[in-house]
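Predicted, not measured: the structure shown is a model, and the values here were computed from it. Note that these values count all heavy atoms, side chains included, but never hydrogens, waters or copies made by symmetry. So that the names make sense, note that chain A is the first sequence line, chain B the second, and so on, each numbered from 1.
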There are 2 protein chains.
Amino acid sequence: MKVTQLANKLGVSADTVRFYTRIGLLNPSKSPNNGYKTFNHKDMVRMQFILSARNLGFSVEDIKVIFSKTDLGDSACQLVRELIKVKLLETEQQFNEMVKLRSKLSKAIQDWSQMPDNIPTGNMICHLIENTNQEDIVSEELDVPHCVNETSTEVK
Amino acid sequence: MKVTQLANKLGVSADTVRFYTRIGLLNPSKSPNNGYKTFNHKDMVRMQFILSARNLGFSVEDIKVIFSKTDLGDSACQLVRELIKVKLLETEQQFNEMVKLRSKLSKAIQDWSQMPDNIPTGNMICHLIENTNQEDIVSEELDVPHCVNETSTEVK
DNA sequence: CTTGAGCTGTGTGTAACACACAGAGTTATA
DNA sequence: TATAACTCTGTGTGTTACACACAGCTCAAG
């Protein structure tokens, strides 16, 4: 099988197959006459595994680590069980950030509906954005006296 | 103000300031004697705006477009209102994907708790992963007769 | 003047591919 | 067999938003 054939069979782009080959996840043999990559059944199993793992959110690096065990004939199950727990935690975290961002955005859209369109000044570029963020930083760090000194440090 | 001073004042890394300068979002003047970037008040307002916009999920490219209006003295409010709507849609979409991934992961963890640790074979690298994904692809595309022909196309 | 700390700009790396492109291979037609 | 037309290949580069490395410059202390 050549690159494009494998790609079509698994519903991915030829570039994806080339990419996984380039980074060493796939090791097709090379046709001696034209140098083309030649994939066999094992390579396809490997590629399917990669796609399944990616589908579960595993990174290419994760997959590399997994292969480093399975290529030695060892079971990767324990490793995979651990990796997925980490993945879940990461996903939860990203999920929470999505939630925060989403509500921030909806709130902004709503708030902005009652605000005028202003023209930029030397101190304000777009009041919609600048005022929005003032709110959720308020008790974070801008409560320290800011921008009062150092301004005259402009020595030269 | 030099790079590090501005960075510290706004709580970001000097590299971030340099980056925004490099891509043209900031245009500090350069000290004629040593070539160092020199930031004034306007540059700081600009930088704060960038940070606020990034905080709302706007991309650097978005910000570039915004500046292309405000730098001409035009109001960017209408533009910003449109951009944020798009942002919200994108966020909703990513949010949904997060939800799907999260449940996929939890389900996998649960299912796997009752499955043995297997050793890789020629057809299966890690049954945990390979079997998990079989499930949610089942009615997608693998229901077409797959992998029955072409295998013998291996001419040479 | 020298030393050393600190700062600077620039080049490169990151994740996971997508795209571009020249050159080689393959096929169809003459 | 020649040639045109098309397909395929490998490789180089672009993507996002910075982080890191590093040589060289600046500046204060001695």
In terms of hydrophobic clustering (I, L, V, M, F, W, Y; side-chain heavy atoms under 4.5 Å; direct or indirect links), are [X] and [Y] co-clustered?
X         : Y         : answer
Leu83(B)  : Ile119(A) : no
Leu105(B) : Val99(A)  : yes
Ile23(A)  : Phe58(A)  : yes
Ile109(A) : Leu89(B)  : no

Find the distance [X]:[atom1] to [N]:[atom2] and express it as a whole number of Å.
X        : N       : atom1 : atom2 : result
Gln5(B)  : dC7(C)  : CD    : P     : 9 Å
Ile50(A) : dA15(C) : CD1   : P     : 16 Å
Leu51(A) : dA16(C) : CG    : P     : 13 Å
Asn34(A) : dT27(C) : CG    : P     : 12 Å
Leu26(B) : dG9(C)  : CG    : C1'   : 15 Å
Phe19(B) : dG9(C)  : CZ    : C1'   : 15 Å
Arg22(A) : dA15(C) : CZ    : P     : 15 Å
Ile23(A) : dA18(C) : CD1   : C1'   : 14 Å

At less than 4.0 Å, is any side-chain N or O atom of [X] found next to OP1 or OP2 of [N]? Yes or no.
X        : N       : value
Arg18(B) : dT8(C)  : yes
Thr4(B)  : dC7(C)  : no
Tyr36(A) : dG25(C) : no
Lys2(B)  : dT8(C)  : no

Steps toward side chain to side chain contact (heavy atoms under 4.5 Å, CB included) verdict (Ile125(A), Glu130(A)): CA-CA 8 Å; Ile125(A) 292 173; Glu130(A) 273 141 321; 3.8 Å; yes
Test log, rule side chain to side chain contact (heavy atoms under 4.5 Å, CB included), inputs Thr38(B) and Lys2(B): CA-CA 5 Å; Thr38(B) 307; Lys2(B) 284 185 287 184; 5.8 Å; no
Pair Phe39(A)-Gln5(A), side chain to side chain contact (heavy atoms under 4.5 Å, CB included): steps then yes or no: CA-CA 9 Å; Phe39(A) 299 87; Gln5(A) 290 168 15; over 6 Å; no
Spatial distance of atom NZ (Lys69(B)) from atom SG (Cys77(B)) [nearest 0.5 Å]: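 One gets 10.0 Å once the value is rounded to the nearest 0.5 Å.
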Sugar-phosphate only, base, or nothing, as touched by Arg54(B) at under 4.0 Å among non-hydrogen atoms: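 Here Arg54(B) touches the backbone only, sparing every base.
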Derivation of the side chain to side chain contact (heavy atoms under 4.5 Å, CB included) call for Ser52(A) and Thr132(B): CA-CA 8 Å; Ser52(A) 297; Thr132(B) 295; over 6 Å; no
Range on DNA chain D touched by chain B - first to last nucleotide, heavy-atom distance under 4.0 Å: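 Nucleotide range in contact with chain B: dA17(D) to dT26(D).
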Most 5' of Gly57(B) and Asp15(B) on DNA chain D, judged by nearest nucleotide: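 Nearest nucleotide further toward 5': that of Gly57(B).
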Sub-4.0 Å heavy-atom contacts from residues 58-69 of chain B onto DNA chain D, ordered by number: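 When residues 58-69 of chain B is checked for heavy atoms under 4.0 Å from DNA chain D, the hits, listed by number, are Ser59(B), Val60(B).
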